[in-house]
Amino acid sequence: MSRLLLLTAPLLALVGCGPHHIPGTDLEDTGDTRAIIDVMQKYNNALVAKDAAGIIALVDPSFHDNGGTLTPDDDLDYAKLQAVLPQRLARVNDIALRLDIKKIDVNGDQASAVYTWVSTYKLGNRSVTESDIKRMDFKRTAQGWKILSGI
């Protein structure tokens with residue numbers, strides 16, 4: 001019996017040393033991962049509340065987003081985001097958004113999250129439902145993780 005214990009103890013130790021995951025996800029449970037999830041949750045809440053200032057507070061001044069297209073017409077930088085976001089949010093009502101984070105990669109002071117989202121909202125009298133897979137990029141700052149692109 002003691003010989004079996006001696007043989008299996010190292011194996012059990014190796015199994016116990018693997019990465020821990022956030023319950024209910026495949027995301028590694030680290031301080032950075034939890035902080036990035038927190039930023040994404042704050043983004044989600046601010047969007048649903050139509051809180052442009054709340055979203056801007058989560059964004060780094062070096063923010064740039066190409067809108068998922070190759071044409072520069074819909075590109076947003078920090079200044080343009082501040083100008084257009086309140087107008088865009090004013091046009092929609094009854095926003096519901098669900099983010100499902102699939103993967104978070106942290107590399108030093110840079111990180112990215114791949115996520116799926118489903119949103120519903122009203123644009124005038126018309127109900128709209130959209131869904132997509134997106135990537136949000138982040139930068140570690142003195143104030144914590146900030147969004148660089150992907151909103």
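A continuous path of Ile, Leu, Val, Met, Phe, Trp and Tyr side chains, each step under 4.5 Å between heavy atoms, connects Tyr43 with Val84, placing both in one hydrophobic cluster. No single ILVMFWY cluster, assembled from side-chain heavy atoms under 4.5 Å apart, contains both Val114 and Ile151. Note on Met136 and Val118: separate hydrophobic clusters, where clusters join Ile, Leu, Val, Met, Phe, Trp and Tyr whose side-chain heavy atoms are under 4.5 Å apart, directly or indirectly.
Between Ala52 and Pro86, the shortest heavy-atom contact is CB-CG, 3.8 Å. Between Leu148 and Phe63, the shortest heavy-atom contact is O-CD1, 3.1 Å. Shortest non-hydrogen contact noted between Lys122 and Ser127 is CE-OG, 3.8 Å. Shown here for Ala35 and Trp145, the closest heavy-atom pair between the two residues is CB-CD1, 3.6 Å. When all heavy atoms of Phe138 and Ile147 are compared, the pair lying nearest together is CE2-CG1, 3.8 Å.
Taking 4.5 Å as the limit, some side-chain heavy atom of Thr30 sits within range of a side-chain heavy atom of Thr33. Tyr115 is not listed as a side-chain neighbour of Arg135, based on a closest heavy-atom distance of 4.5 Å or more. Two residues are said to be in side-chain contact when any heavy atoms from C-beta on lie closer than 4.5 Å; Lys139 and Thr141 meet this criterion. Looking at heavy atoms from C-beta onward, Asp65 lies out of side-chain contact with Asp75 at the 4.5 angstrom threshold. Looking at heavy atoms from C-beta onward, Met40 lies out of side-chain contact with Ile37 at the 4.5 angstrom threshold. Residues Asp137 and Gln110 have side chains not in contact (no heavy-atom distance under 4.5 Å, counting atoms from C-beta outward). Here the side chains of Ile55 and Leu47 are in contact, with some heavy-atom distance below 4.5 Å. By the 4.5 Å heavy-atom criterion applied to side chains, Trp117 and Glu130 are counted as neighbours.
The structure places CG of Asp77 at 9.0 Å from CD of Gln82, a figure rounded to the nearest 0.5 Å. How far CD1 of Ile104 is from CD1 of Ile36: 5.5 Å, rounded to the nearest 0.5 Å. Rounded to the nearest 0.5 Å, atoms CG (Asp51) and NZ (Lys42) are 12.0 Å apart. Residue Asp100 holds its CG atom at 4.0 Å from OG1 of Thr116, rounded to the nearest 0.5 Å. Between atom CG of residue Leu99 and atom OG of residue Ser119 there is a gap of 9.5 Å, rounded to the nearest 0.5 Å. Rounding to the nearest 0.5 Å places CG of Asn44 at 11.0 Å from CG of Leu58.
Using a 4.0 Å cut-off between charged nitrogen and carboxylate oxygen, Arg34 and Asp38 do not count as a salt-bridge pair.
Counting heavy-atom neighbours within 6.0 Å of Lys103 NZ, excluding the residue itself, gives a total of 12 or less. More than 12 heavy atoms of other residues, nucleotides or ligands lie within 6.0 Å of NZ in Lys134, so this atom counts as buried by the packing criterion. The 12-atom threshold is exceeded at CG of Asp132, counting heavy atoms of other residues, nucleotides or ligands nearer than 6.0 Å.
For the residue pair Asp60 and Ser62, a side-chain donor N or O sits within less than 3.5 Å of a side-chain acceptor on the partner.
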Return all side-chain donor-acceptor pairs below 3.5 angstrom for residues 89-98, not counting sequence neighbours, or 'none' if the list is empty.
| residue | atom | partner | partner atom | Å |
| --- | --- | --- | --- | --- |
| Asn93 | OD1 | Lys50 | NZ | 3.2 |

